Asker: 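Structure in structure tokens, see below.
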Amino acid sequence: MSKYERNKGFNDYFSPAQWFDPAVTLETKVKNAKEQLDQHVRDTVAWHFSPDTGTPFWLEKAKTYKFNPLKDVHTFEDLHLFGTFEDEWLRGGPVDRWVPRGLKGNPVYVFETGGTTGLPKSRVVLDDYRIDYEMMSETLPDQYFPKGSNWLMLGPSGPRRLRLAIEHLAQHRGGISFCIDLDPRWVVKLIKMRQIEMANLYKEHAIDQALTILAGGHDIKCMFTTPKLLAALDEALRAGKLEDKYRSLGKKIPVGGLRSIQSAGIIGIFSGGTEFTPQFTREAYEEMLDNGEVYMTPTYGNTLMGLACSKPIGPHDGFKITYYAPQPRAATEVVDPKDYNKKVEYGATGRVLLTTLTREFFVPRFPERDEGEREMPYERYPWDGVSGVRTFSELAATTVVGVY
Amino acid sequence: MIRIPSLRMGKPYESLSKTTLVHHVTGDPVAEVSQITGSQIMRDLSKMGQARRELAAIPSAELLNRVKAAAKIFLEETLPCGDTPQSFDDYITNLSSTTGSPMLFCRRNAAKVAYVMGNIDEILAGLTRGMDLSVLDKGHGKQDGRTLCFFPTTDALGAILPSNSPGVHSLWVPSIALKIPLVIKPGREEPWTPFRLLMAYLKAGIPASALNFFPTDHAGAGDILRGCNRSLLFGDSTTTDPYKHDHRVEIHGPGYSKVLLGADVSANYEKYLDLLVESVAANGGRSCINASAIYTHSHGKELAEALGARLAKVKARPWDDQNVEISAFANPDVADRISGMIDNLLQTPGAEDVCVRLRGTPRVYKEGRCAWLLPSVVLCDSAQHPLANKEFLFPYVTVIECPQDEMLATIGPSLVVSAITGDPEFTQQLLDCNLVERLNIGAISTVRLSWDQPHEGNLFTHLYRQRAFAEAPV
């Protein structure tokens, strides 16, 4: 537990397990979840717009509104009064205008997104990443993510939330996280310069660090990674590079070899990124993870939101990936790209509109860079989901995806 | 709709990721093609060593028989195209429907590919200069009293293929007879020919593991080039430039093929007009062996006018017309872009599109969803004009009047040069010139090839290296 005062102001931790009771009907769960969301909207808006606890940015912004956030916002739908959130507001400083007065004095992190050109977007965080990942931890099956297991963090380092979040997740579950150095901004630059060979060498460098950790005898059972790095690790293992590493360290290669993710000792993988297509998921399941012997759960997250979990993936569902936001701390809607006030029909395609509602950060109605299909509520996540997440088609031509 | 799977070690694999191909005239979906990822490609490539050993275990003489049998199967039998049976005529219709290449051209090009397979011993004799192929069975042997020993440079031949001309498939099909498995990335609109060829090979008894059909994206193509130790890469200079210093990749880009008229014949240009028309416009003018420039010692203007008058008669005709002369562009925007580029470069003084003037209609012709580019004959006042060394996917040629003794210093790298001359001194200069891959001396069209001589790279020397070898009793 951090020094941060978790229960100050209002409840900000919502156990996913509250929805796991199979005896309660989905209809009831949907109704209860909506009531919880509306209550949380009221609590969050009251916190961020009150003179005592409010966030300097929002208190200043409120002066321009023709409505009173403290009186006129009662439900999630009322958030449309705020229009849409402009991510430009997050570029540049001072970042402490985003720290609510009610939390002043607590240690603050700043996490950044992108940053290959111009100023990156910044988000201040105090404890949100811990809360988000503790909530997510409740959804991980212990069979594949045993408590006390050590983790390999095969993902980006630097001023990003992810490295600390995975480390906290490992620690929260009683383990230790082993990390690599990986600068995704350099990879994007290499790709923009068409230095594909160098980008591949950098990927090999990242994988080599992972192999060194795996060869180090740290009893690693769990891993975070991205689709591209998962594939690269699988390729390296199948090419015998972990066995080479063992030989170079003078270690004996176990019977059965070390040529798959499973034989390297990994049993649970927590993975993320919009590169997660059903086809990649199927390939990973069938060809890298020994037909699901190694468990993998895709997630969808970013610095602004917490972490959206997916329905269990597999052949039963055509490897479809459906994400559900960690409501009520964040909610996603799938909306008409030409009218953000209009949700598309279930199954139809629209742009992902994100709302973040935590004591630390209030982001109403941010148009994500992604699109997908609107999905029905699900028993464990009784609210709308989104499937087939991919880069918003109007932006896809200008987006460079590196390893992360 | 036809569902075309990828083939992984010869086994059909239906992916969750597919591209849809549409009919170039109607826009109706024709086929869905299963795409595979770069990591799947790399995983399969790691098994190519075993695949090569399996293929190499078949004696060369038997392999040649199977390749010849595959030619017959390709031309005559109904073969599975994914979940749909496909006759040869169905194949021609499918191919034309998604590429815009007229059925007449498709049939002609398919026949070329089948010819190569049906006459594989003649083709391999050309590639190996008559080596006894049993040398490949043992890895070494003796011929004319000399020891020969060759070793494979790769476990598989990668081929990144285009969509614009099925004739290119004749370049990779001999790989099987040379005991090297295939890893094929088809052009987006042209999965038909490679898939049917691999099906014919499979039916003729070629081991499945040697037949890999990997529809994939640009990054996946990069993985094939990275993972195969030898590849063929087709494409424009944007695609091929990053690999021009990579010895593992044999590049098949623009040909910049040319006809040269020497001082002894240039006044009689009219005698060669048929040859010039064929060189420029055969097969719709889309091939790298079509002439994209004519250098003449004299009478440049008159030649351009006469050639322009002939080519101005070319009309856009539907894909199933038996008198078709040029291909449609399945994507009309491509035709607009090419024509716009030419018009833009014509702004530089010193060039005129004679054909456009004589025809009296613009270069781009549109009907329904389709567009055609009607021929262009551009008279340039010098080889330095920006249009002088260009190549496009339609009958396009520049005519440049250039003194004979300056020609070879001006033409630049050229896949085919047909030099019409009887001048022994000029002929010797041409034979000494290191810029030409295939040289024709005399009245020979650039598109006339002889199959016993490789004209663009040599697949055998790409796939095998010779080494010194000796053996003695132990």
Side-chain angles (χ1 to χ4, degrees), chain A residues 187 190-191 193-201 203-204 207 225-241 259-261 271 275-290 313-321 387-388 390 396-397 400-403, chain B residues 3 5-6 8-9 11-20 32-50 155 160 212 214-229 231 233 235 237-249 333:
Chain A
V187 178
L190 287 171
I191 293 170
M193 292 188 294
R194 294 176 67 88
Q195 297 280 329
I196 307 302
E197 192 60 35
M198 286 304 291
N200 281 325
L201 284 172
K203 186 165 71 176
E204 283 175 22
I207 295 300
T225 193
T226 64
K228 283 185 179 169
L229 290 171
L230 176 65
L233 177 65
D234 176 72
E235 185 184 329
L237 289 168
R238 284 179 198 278
K241 291 190 178 170
R259 290 189 175 232
S260 71
I261 287 170
S271 188
E275 291 287 279
F276 248 113
T277 61
Q279 173 55 28
F280 178 81
T281 308
R282 173 187 169 193
E283 178 195 343
Y285 182 94
E286 290 177 348
E287 301 179 32
M288 303 178 203
L289 307 177
D290 297 86
I313 52 153
H316 60 280
D317 202 12
F319 295 93
K320 181 172 167 179
I321 305 168
S387 66
R390 62 227 175 236
V400 175
V401 178
V403 289
Chain B
R3 293 189 304 182
S6 47
R8 305 180 64 190
M9 316 284 282
K11 293 196 184 83
Y13 178 86
E14 186 161 345
S15 168
L16 298 172
S17 167
K18 297 183 172 81
T19 54
T20 302
E32 276 185 347
V33 185
S34 278
Q35 305 291 299
I36 67 169
T37 65
S39 47
Q40 286 178 310
I41 290 168
M42 296 309 285
R43 196 168 301 113
D44 288 359
L45 290 183
S46 70
K47 300 167 189 161
M48 285 301 109
Q50 180 57 36
D155 286 329
I160 312 299
N212 298 281
F214 291 166
T216 185
D217 56 13
H218 183 71
D223 287 323
I224 291 174
L225 295 173
R226 181 166 64 96
C228 290
N229 215 28
S231 296
L233 172 62
S237 53
T238 315
T239 307
T240 58
D241 276 357
Y243 297 95
K244 65 184 174 189
H245 300 303
D246 188 338
H247 73 281
R248 299 171 309 161
V249 180
D333 294 344

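Note on naming: letters A, B, ... go to the chains in the order of the sequence lines (proteins, then strands), and numbering restarts at 1 for each one. What you see is a predicted model, and the numbers here were worked out from it, not measured in a lab.
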Asker: Side chain, backbone, both or neither: which part of A:Gln195 has a heavy atom under 4.5 Å from chain B?
Answerer: neither
Asker: Quick check for you: to the nearest 0.5 Å, what is the distance between B:Asp223 atom CG and A:Ile196 atom CD1?
Answerer: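 Answer rounded to 0.5 Å: 10.5 Å.
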Asker: Shorter than 4.5 Å, heavy atoms on both sides: which option in B:Ser15, B:Ser46, B:Pro242 has the most such pairs with chain A?
Answerer: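 Most heavy-atom pairs under 4.5 Å with chain A: B:Ser15.
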Asker: Which value, rounded to the nearest 0.5 Å, describes the distance between B:Ser39 atom OG and A:Arg238 atom CZ?
Answerer: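 B:Ser39 OG to A:Arg238 CZ: 10.5 Å, rounded to 0.5 Å.
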Asker: With B:Thr37 as reference, evaluate A:Glu283, A:Glu287, A:Lys228 under the side-chain hydrogen bond (donor to acceptor under 3.5 Å, both in side chains) test and give the passing residue.
Answerer: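 Result: among A:Glu283, A:Glu287, A:Lys228, A:Glu283 is the only option passing the side-chain hydrogen bond (donor to acceptor under 3.5 Å, both in side chains) with B:Thr37.
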Asker: Under 6.0 Å from the CZ atom of B:Arg3, do we count more than 12 heavy atoms belonging to anything else shown?
Answerer: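 Open: at most 12 neighbouring heavy atoms sit under 6.0 Å from CZ of B:Arg3.
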Asker: Could you check whether atom CE of B:Met9 has more than 12 heavy atoms from other residues, nucleotides or ligands sitting under 6.0 Å from it?
Answerer: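 Enclosed.
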Asker: For the atom pair CD (A:Glu286) and CD (B:Gln40), what is the distance rounded to the nearest 0.5 Å?
Answerer: 8.5 Å
Asker: Please give me the minimum heavy-atom distance between B:Arg226 and A:Asn200, naming the atom from each residue.
Answerer: CD-ND2, 3.5 Å
Asker: Please report the interatomic distance OG1(A:Thr277) to CD(B:Gln35), rounded to the nearest 0.5 Å.
Answerer: 11.5 Å
Asker: Give a yes or no on whether A:His316 atom NE2 has more than 12 heavy-atom contacts from other residues, nucleotides or ligands under 6.0 Å away.
Answerer: yes
Asker: Any side-chain heavy atom of B:Arg43 within less than 4.5 Å of one from A:Met288?
Answerer: yes
Asker: With only heavy atoms counted, which part of A:Glu235 is less than 4.5 Å from chain B, the side chain, the backbone, both or neither?
Answerer: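 Answer is side chain: those atoms of A:Glu235 sit under 4.5 Å from chain B.
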